[in-house]
Novice: 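Before I ask anything, let me first share the structure, which is written out below as structure tokens.
Proteins get letters first, then strands, A, B, ... in listed order; numbering begins at 1 in each.
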Number of protein chains: 2
Amino acid sequence: MSNNYNDMWRSLGVNLEAHDQLLQALPPTYHDVYLTQTNRPKSMEYFDFVVNEIHGLRIQELQEHKKNGGKVIGAFCVFVPEEIVRAAGGICIGLCSGIDIGAAEAEQVLPRSICPLIKSFMGFKLAKVCPYFESCDMVVGETTCDGKKKAFEILNDYVPVHVMETPQMKKSRDKQLWLEEVQDFAELAQKTTGTEITDVSLAQAIQEVNGKRQALRRLSNLRKNNPVPISGKDSLLIEQIAMYDDVARFTAKVNELCDELEQKISTGAGVFPGRTPRVIVTGTPMAIPNWKVPHIIETSGAVIVAEEMCTGLRYFENEVAEADGLDSMLENIAARYLGINCAVFTPNTGRLEQLENLVRDYHADGVIHCTLSFCDPYAVEANRVEKMMKQKEIPFLKIETGYDQEDAGQLKTRVEAFIEMLR
Amino acid sequence: MSNNYNDMWRSLGVNLEAHDQLLQALPPTYHDVYLTQTNRPKSMEYFDFVVNEIHGLRIQELQEHKKNGGKVIGAFCVFVPEEIVRAAGGICIGLCSGIDIGAAEAEQVLPRSICPLIKSFMGFKLAKVCPYFESCDMVVGETTCDGKKKAFEILNDYVPVHVMETPQMKKSRDKQLWLEEVQDFAELAQKTTGTEITDVSLAQAIQEVNGKRQALRRLSNLRKNNPVPISGKDSLLIEQIAMYDDVARFTAKVNELCDELEQKISTGAGVFPGRTPRVIVTGTPMAIPNWKVPHIIETSGAVIVAEEMCTGLRYFENEVAEADGLDSMLENIAARYLGINCAVFTPNTGRLEQLENLVRDYHADGVIHCTLSFCDPYAVEANRVEKMMKQKEIPFLKIETGYDQEDAGQLKTRVEAFIEMLR
């Protein structure tokens with residue numbers, strides 16, 4: 001990335017020294033993980049470019065938006081309704097939390113033994129190394145896990161945080177509570193942006209975000225083919241970029257990629273040989289630039305065909321039903337988001353059913369359950385997944401890991417042994 | 001405890017061998033922690049007796065109750081309304097989870113890095129070493145933390161579990177949701193026991209449980225005196241026994257103890273010299289027989305004057321307002337329980353205000369924040385407490401520990417240094 005952005009970063013209050021270190025670390029990792037892949041679709045060029053410009057062009061766009069009076073709203077979770085932010089004229093950004101950064105600062109306010117994603121976002125904020133974070137007029141949190149829920153109270157010391165209460169079950173009273181949370185958020189979004197949400201703007205935002213989800217679903221469906229037309233790593237990258245890129249451009253680029261992949265499929269071409277073991281990864285989100293486990297899997301002889309994760313299917317598998325009238329649209333938004341199979345819910349049987357269907361639909365040979373260290377919701381729910389996998393006789397591997405590379409060798413050994421079993 | 005209970009334990013399906021090991025471990029610990037104290041009130045004899053008979057007489061009472069058609073309902077949290085269980089003719093038992101037991105069995109189904117309280121209750125169940133657990137017709141869980149919430153799904157494989165959804169905030173919609181949860185629980189309790197809850201039975205249960213809380217508050221208030229008439233360890237023990245002893249008998253015995261303490265206070269007598277530093281302990285519950293940190297504190301030159309914990313003030317500081325009519329009573333029950341300052345709530349400012357008041361009212365010289373390992377709600381909220389303590393210039397120490405004794409020496413050094421500072 002060009003250093004021409006230094007002035008912009010400085011004006012945002014970014015700690016340039018720490019930020020430089022971050023930016024220097026990214027390209028070699030990206031090269032090793034991404035650019036060494038073979039048979040990559042040509043249309044991945046756009047996404048490579050986006051990563052290359054990760055703190056540059058897109059930040060510039062956000063600044064342009066802000067200069068014109070627009071607001072930027074950050075989020076850490078797929079429960080925050082992007083449609084509402086957009087309808088109120090704002091830009092919704094999924095904030096980075098996929099790298100071990102600012103840990104020393106974060107541990108001043110957080111316990112040591114906490115999920116690395118939480119430590120990461122707190123570190124990004126306290127060390128002032130994320131220009132996205134520094135561009136946010138408000139951050140929207142949720143109550144999907146204890147660690148985030150309580151960490152948002154601390155984060156609120158440094159940036160205004162609004163917390164949406166995600167219920168813990170899916171009973172009718174939970175639906176009512178969540179609907180009211182969504183309605184409140186619509187109020188707040190309007191107050192924050194100073195722009196009224198109208199029938200027209202909300203309908204358009206729903207269509208746009210549905211369009212993004214449709215493109216991602218189209219891409220996902222193409223991965224059911226054998227040989228697979230795109231690697232799991234590339235797919236994950238796209239799912240990560242979905243969280244912060246411009247919606248219309250991103251949607252168009254994903255569709256362009258899909259056109260290319262369809263072409264590829266029609267000629268029988270793929271990125272891995274047809275007999276490569278096919279794996280579904282499920283568990284906690286992999287926030288950019290956390291590519292650790294997918295890289296291990298795809299350099300150990302398997303290909304990932306689907307991510308049953310928040311950076312994956314949970315983000316795009318359901319759409320908001322279109323409707324007339326603000327009230328109905330907000331109801332449909334609430335319903336769509338409460339359909340997410342998040343481990344916050346007890347029970348979360350929808351996830352088990354979904355996983356079983358995915359194994360069948362994506363012709364998967366096995367499932368790898370991957371949780372971030374200290375993530376109780378998914379680490380405990382892993383037992384339910386494991387139990388179901390045993391019943392259905394689906395090969396299953398359970399991994400718990402953080403953002404450091406210390407256990408990479410050990411993980412690779414375990415993953416290789418698992419993949420060997422799938423052949 | 002006499003081995004005459006062997007037949008009873010066997011009939012409950014208790015693993016006698018493992019259970020024997022547990023029972024052999026308890027008396028020496030109890031001797032060291034409790035019976036070596038000086039100036040103990042004579043009325044502690046009853047509570048010593050209860051501990052001595054922990055798996056004997058009380059279990060026999062539960063079996064008698066069951067023989068007469070009664071039901072036993074277990075709980076792990078002060079959010080489960082005992083009044084409702086009692087009004088339906090059941091006995092509500094707070095289940096033990098304060099000792100590292102059955103860890104090997106628990107780790108078969110739970111992650112290693114999880115709160116020891118959760119590992120403990122799962123271990124108790126899977127290793128079949130708790131006759132209280134084995135006496136339960138149903139267990140009532142709640143959604144106060146991720147670990148428990150998800151572990152209840154697993155526990156339900158081994159014993160019927162009903163989960164009450166505790167909301168994450170205290171807005172009016174949360175109050176409504178919780179009220180409905182309480183109403184549902186009243187339905188379920190009646191179905192489980194086969195006994196209808198009436199105006200009369202619920203009013204009586206409310207009075208009885210209020211009576212228990214009043215006795216505990218009376219005891220608590222006496223600890224405001226200087227010198228303190230009772231040790232923190234003894235007080236904690238009573239607060240732990242409150243969870244499973246017979247309500248009427250327990251209430252009477254606590255009041256007898258208070259009579260004795262008032263006598264003592266009138267003569268200026270106490271358990272520690274008048275200039276002993278006074279400490280408030282706050283944080284996660286200390287389930288019986290977890291006396292680790294209080295023992296360290298009170299053998300390091302300080303006395304604990306209050307427990308701002310679930311095994312402590314959170315359990316008895318508020319009463320259910322009496323009312324006429326079932327609906328009003330259930331509303332008052334819901335309101336009382338939602339008043340608990342649990343870290344499940346975001347924000348949980350009530351706890352901070354309460355702590356500040358306690359320091360003043362109990363003439364405390366400092367506060368020790370004690371969380372179980374991997375307990376995100378309290379470990380993260382500790383930052384809020386610490387911030388407030390700094391603002392108010394109240395000496396503050398933060399501890400994170402489990403059930404093992406490995407860190408006892410290191411903790412003692414830290415606690416001693418802290419207490420030295422208070423002199």
Novice: Output the option from A:Ile118, A:Asn156, A:Thr166, A:Asp174 having the highest count of non-hydrogen pairs under 4.5 Å with chain B.
Specialist: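 Among the listed options, the one with the most contacts to chain B is A:Asp174.
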
Novice: So do A:Met169 and B:Val163 actually touch side chain to side chain, heavy atoms under 4.5 Å?
Specialist: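 A side-chain contact under 4.5 Å exists here.
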
Novice: What are the two closest heavy atoms between B:Asp184 and A:Arg173, and how far apart are they?
Specialist: OD2-NH2, 2.8 Å

Novice: Measure distances from A:Leu110 to the heavy atoms of chain B and classify the residue's part below 4.5 Å as side chain, backbone, both or neither.
Specialist: side chain

Novice: Keeping to residues at least two apart or across chains, list the salt bridge (Lys or Arg N to Asp or Glu O under 4.0 Å) pairs with something in residues 157-167 of chain B.
Specialist: A:Arg384-B:Asp157, A:Lys387-B:Asp157

Novice: Of the listed residues (B:Ile114, B:Asn348, B:Thr144), which shares the most heavy-atom pairs with chain A below a 4.5 Å separation?
Specialist: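 Heavy-atom pairs under 4.5 Å are most numerous for B:Ile114.
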
Novice: Once salt bridge (Lys or Arg N to Asp or Glu O under 4.0 Å) is applied, what residue pairs with a partner in residues 393-405 of chain B remain, sequence neighbours excluded?
Specialist: B:Glu386-B:Lys398

Novice: Given the options A:Cys145, A:Cys115, A:Ala382, which has more heavy-atom pairs under 4.5 Å with chain B than any of the others?
Specialist: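 When all of A:Cys145, A:Cys115, A:Ala382 are compared, A:Cys145 has the most.
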
Novice: Does anything in residues 374-381 of chain A reach chain B? List residues with heavy atoms under 4.5 Å apart, or say none.
Specialist: A:Phe374, A:Asp376, A:Pro377, A:Ala379, A:Val380, A:Glu381

Novice: From B:Leu177 CG over to A:Lys171 NZ, what is the distance, rounded to the nearest 0.5 angstrom?
Specialist: 7.0 Å

Novice: Considering only heavy atoms, which portion of A:Phe345 lies under 4.5 Å from any heavy atom of chain B: side chain, backbone, both, or neither?
Specialist: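 Contact with chain B involves the backbone of A:Phe345 alone.
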
Novice: Could you tell me whether the side chain of B:Val344 reaches within less than 4.5 Å of the side chain of A:Lys149, counting heavy atoms only?
Specialist: yes

Novice: Is any side-chain heavy atom of A:Glu153 closer than 4.5 Å to one of B:Asn383?
Specialist: no

Novice: For A:Tyr337, give me all partners under ring-ring contact (aromatic ring centres under 6.0 Å, His included), at least two apart in sequence or on another chain.
Specialist: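 Testing A:Tyr337 for ring-ring contact (aromatic ring centres under 6.0 Å, His included), a comparison that skips the adjacent residues, returns none.
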
